[in-house]
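If you're wondering where the values come from, they're calculated on a predicted model, not measured in any experiment.
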Amino acid sequence: MHPFPPERHRARGARTRTARTLTLVLSLAALVLGGLTAAPAQAAGLREVTGFGSNPGNLRMFRYVPDGLPTGRPVVVALHGCTQSASGFDDETGWTRWADAWGFALVLPEQKSANNMNSCFNWFEPSDMARGSGEALSVKQMADRTAADLGSDTARVYVTGLSAGGAMTSVMAAAYPDVFAGAAVVAGLPYDCARTVVAGLSCMNPGSDLGPRQWGDKVRAAHPSYDGPRPVMSLWHGTNDSTVKPVNLTELVEQWTNVHGTDTVADISDTVDGYPHQVYENASGDAAVESYSITGMQHGQPADPGGGATQCGIAGQYFPDMGICASYRIGRFWGLDSSQGGSELPAPAGPAVTATTETTVSLSWEAVDGAAAYRVYRDGAQKGSPSAPSFTDTGLSPGTTYAYTVAAVDDRGRAGPATAAVRATTAGSAHRCFTDNNYQQVAAGRAHQALGTVYANGSGQNMGLYNVFVTHTLEETSPGHFVIADSGCPSP
């Protein structure tokens, strides 16, 4: 996350020349607080929603709704980090998997570069962190629109975010405690730790040291007239985070335990998947705040890729494979898992691999009494929803191993627990990919040139001029046979 002052559109006020200059200077730290790699293409099932309110923050709204989602189900709002997008924060974090498995709607706000040059949510701007204005109101309007469209349970609306999105999650939990029943801040910051760019950088590193009451007062000031219940909080941070110092986890615990009227002495201290975990209970003995300290993790949200019952996510630079799935643990803390409203149907017996080709895998499993359909997951992402106990997955790569799990779905659209993973390897050899300029492709024997033009060996495809300025990706589909695969390699 990077807290630059954004280049706002005119309706939100012009910035001074000093602020613009500072923005350019600070752009050297564009990866700060969630500066993530370019997002992949929009995920299947993710849809943009327009007209969701006055939208004073000028944000975009995307939404993922599982097929057949009944009314009365929860809503989860998930906020991305800097330079990221809605489509870069759904499957990567595992939230779409749990939306399918547990039955809830997923809302993914998206920042615009017109608001912030690095697409960070403006967690530090006074107009964006206040109740009833700016980006905070836009996010709240997205939750309201979803609840109205789907008949969602408005008592079960939750918000989470990574880095800049984590800092904005603190904003939403403080400004709208009447909207959100729970929140989860991952590698983020306490509410109202900064109201300027310089203060924001200092809050991130080395951090701001206030007392619990001081932090709590900041939250209470966000909605002074409110005296109702506060969101339960799940707080996550890596011990090696040099972008947002781990001291911010301590400050977050102090802030939210004070808001919940408890102390900073954990009532439960244990380990989960090998990592220190602490729980702070309120006067009624209910878990109000929990914290996870992910040993050895740098800046990011922990993932645990795979098809197991507790696994999720797609590993990447800011989604490290730490053997623990944050979204799974957060969802359970909020009570979204199957024991709190999911299907009571058992996991199907199986599945078993019945056939493979170079590009397909066929599966079958035993039918489950009462199942209206099934959900098939490949490497943790849903790939099909057949009504019969069999499925063929297509568009795969040769010589590649995939992990599959299956869950039964009841007549209310709720999925039960998934099976253990079964692995299948497609036939043939995995295709190799080579990206280089035309001169080097010829030198490596993957292409040849004639009269100054380069052609791929085997396919004979025209690759352009014989020089170092034209670059292509070649895919070896069989020994010595190359095709141009600039749009994606290996090809499906």
Heavy-atom check, side chain of Glu281 versus side chain of Asp286, under 4.5 Å: no
State whether the side chain of Gln301 and the backbone N or O of Tyr318 hold a donor-acceptor pair below 3.5 Å, judged by distance alone. no
Hey, does Asp304 have a side-chain heavy atom less than 4.5 Å from the side chain of Ile324? no
Nearest-0.5 Å distance, OG of residue Ser170 to CE of residue Met233: 5.5 Å
Go through the steps for Val232 and Phe333 under the test side-chain contact (heavy atoms from CB on, under 4.5 Å), then give the verdict. CA-CA 9 Å; Val232 297; Phe333 181 68; 3.9 Å; yes
Those residues that, when tested against Asp241, pass salt bridge (Lys or Arg N to Asp or Glu O under 4.0 Å) (two or more places apart): none
Under the salt bridge (Lys or Arg N to Asp or Glu O under 4.0 Å) rule, collect the residues that match up with Lys218, sequence neighbours excluded. Asp192
Minimum heavy-atom separation for Pro74 to Gly103, with atom names? CD-O, 3.5 Å
Indicate yes or no for a side-chain donor-acceptor contact from Tyr191 to the backbone of Met172 under 3.5 Å, with no hydrogens or angles considered. no
Can you check whether Ala315's main-chain N or O pairs, donor with acceptor, with Asp321's side chain at less than 3.5 Å? no
Would you compute the distance between atom CG of Leu46 and atom OG of Ser87 and round it to the nearest 0.5 angstrom? 6.5 Å
Residue pairs passing the disulfide (SG to SG under 2.5 Å) test where at least one lies in residues 208-303, sequence neighbours excluded: none
Determine whether the side chains of Ser269 and Gln278 contain a donor N or O and an acceptor N or O closer than 3.5 Å. yes
On the 0 to 90° scale, with breaks at 30° and 60°, tag the Trp102-Trp98 ring pair as parallel, tilted or perpendicular. parallel
How far does CG of Leu162 sit from CD of Glu92, to the nearest 0.5 angstrom? 11.5 Å
Once salt bridge (charged side-chain N to carboxylate O under 4.0 Å, His left out) is applied, what residue pairs with a partner in residues 164-182 remain, sequence neighbours excluded? Arg131-Asp178
Considering all heavy atoms, the nearest Tyr158-Leu336 contact: CE1-CD2, 3.8 Å
State whether a side-chain donor-acceptor pair under 3.5 Å links Arg220 with Asn258. yes
Set of residues satisfying salt bridge (Lys or Arg N to Asp or Glu O under 4.0 Å) with respect to Asp393, sequence neighbours excluded: Arg378
With a 4.5 Å cut-off on side-chain heavy atoms, are Trp215 and Val259 touching? no
Could you check whether Ser163 and His299, counting side-chain N and O atoms only, form a donor-acceptor pair closer than 3.5 Å? yes
Thr169 side-chain N/O to Gly161 backbone N/O, donor-acceptor pair under 3.5 Å: yes
With no hydrogens and no angle check, is any side-chain donor or acceptor of Thr239 less than 3.5 Å from a backbone partner on Gly296? yes
If you compare all heavy atoms of Leu150 against all heavy atoms of Leu69, which two are closest, and at what distance to 0.1 Å? CD1-CD2, 4.4 Å
State, to 0.1 Å, how close Tyr374 and Val406 come at their nearest heavy-atom pair, and which atoms those are. CB-CG1, 4.1 Å
Among pairs that include at least one residue of residues 130-165, which meet disulfide (SG to SG under 2.5 Å), considering only residues two or more places apart or in two chains? none
Given 3.5 Å as the limit, does a donor-acceptor pair link the side chain of Thr196 with the main chain of Ala199, or not? yes
Asp153 and Arg73: side-chain contact (heavy atoms from CB on, under 4.5 Å), yes or no, with the steps? CA-CA 5 Å; Asp153 184 350; Arg73 302 303 298 155; over 6 Å; no
Could you tell me which residues satisfy salt bridge (Lys or Arg N to Asp or Glu O under 4.0 Å) with Arg60, sequence neighbours excluded, listed by chain and number? Glu48, Glu110
Straight-line distance of Asp337 CG to Arg329 CZ, nearest 0.5 Å: 10.5 Å
If you define the side chain from C-beta out and look only at heavy atoms, does anything of Cys312 sit under 4.5 Å from Thr93? no
Can you tell if the side chain of Val75 reaches within under 4.5 Å of the side chain of Phe104, non-hydrogen atoms only? no
Disulfide (SG to SG under 2.5 Å) partners of residues 258-306, not counting sequence neighbours, each pair once: none
Are any side-chain N or O atoms of Thr435 and backbone N or O atoms of Thr473, one a donor and one an acceptor, separated by less than 3.5 Å? no
Restricting to pairs with a member in residues 197-206, which pass side chain to side chain donor-acceptor pair (under 3.5 Å), not counting sequence neighbours? none
Students often mix this up, so state it plainly: with edges at 30° and 60°, are the rings of Phe89 and Phe319 parallel, tilted or perpendicular? tilted
Any donor-acceptor pair under 3.5 Å linking the side-chain atoms of Glu135 with those of Gln111? yes
Euclidean distance, Asn248 CG relative to Ser208 OG, rounded to 0.5 Å: 7.5 Å
Side-chain (Asn122) to main-chain (Phe124) donor-acceptor, under 3.5 angstrom: no
Tyr280 and Ser291: side-chain contact (heavy atoms from CB on, under 4.5 Å), yes or no, with the steps? CA-CA 9 Å; Tyr280 305 83; Ser291 69; 4.2 Å; yes
Minimum heavy-atom distance Ser133-Pro56, with the two atoms named: C-CG, 4.3 Å
Non-neighbouring partners of Thr310 that pass side chain to side chain contact (heavy atoms under 4.5 Å, CB included), sequence neighbours left out: Tyr328
Looking only at heavy atoms, the pair that brings Ala407 and Tyr377 closest together is CB-CE1, 4.2 Å
Donor-acceptor pair, distance only, cut-off 3.5 Å: does the side chain of Gln214 make one with the backbone of Gly211? yes
Does any donor atom in the side chain of Thr96 or Asp90 lie under 3.5 Å from an acceptor atom in the other side chain? no
Any Asp270 side-chain heavy atom under 4.5 Å of Val272 side chain: yes
How about Leu79 and Val159: do any of their side-chain heavy atoms sit closer than 4.5 Å? yes
To the nearest 0.5 Å, how far apart are CD in Glu251 and CG in Leu210? 6.5 Å
Is any side-chain heavy atom of Val77 less than 4.5 Å from a side-chain heavy atom of Val139? yes
Would you check, one step at a time, whether the test side-chain contact (heavy atoms from CB on, under 4.5 Å) holds for Leu235 with Glu290? CA-CA 6 Å; Leu235 309 171; Glu290 70 168 358; over 6 Å; no
Which pairs pass ring-ring contact (aromatic ring centres under 6.0 Å, His included) with one or both residues in residues 235-269, sequence neighbours excluded? Trp236-Tyr292
Pairs involving residues 136-145, ordered by first then second residue, that meet side chain to side chain donor-acceptor pair (under 3.5 Å) (sequence neighbours left out): Ser54-Gln141, Asn55-Ser138, Lys140-Asp144, Arg145-Asp149
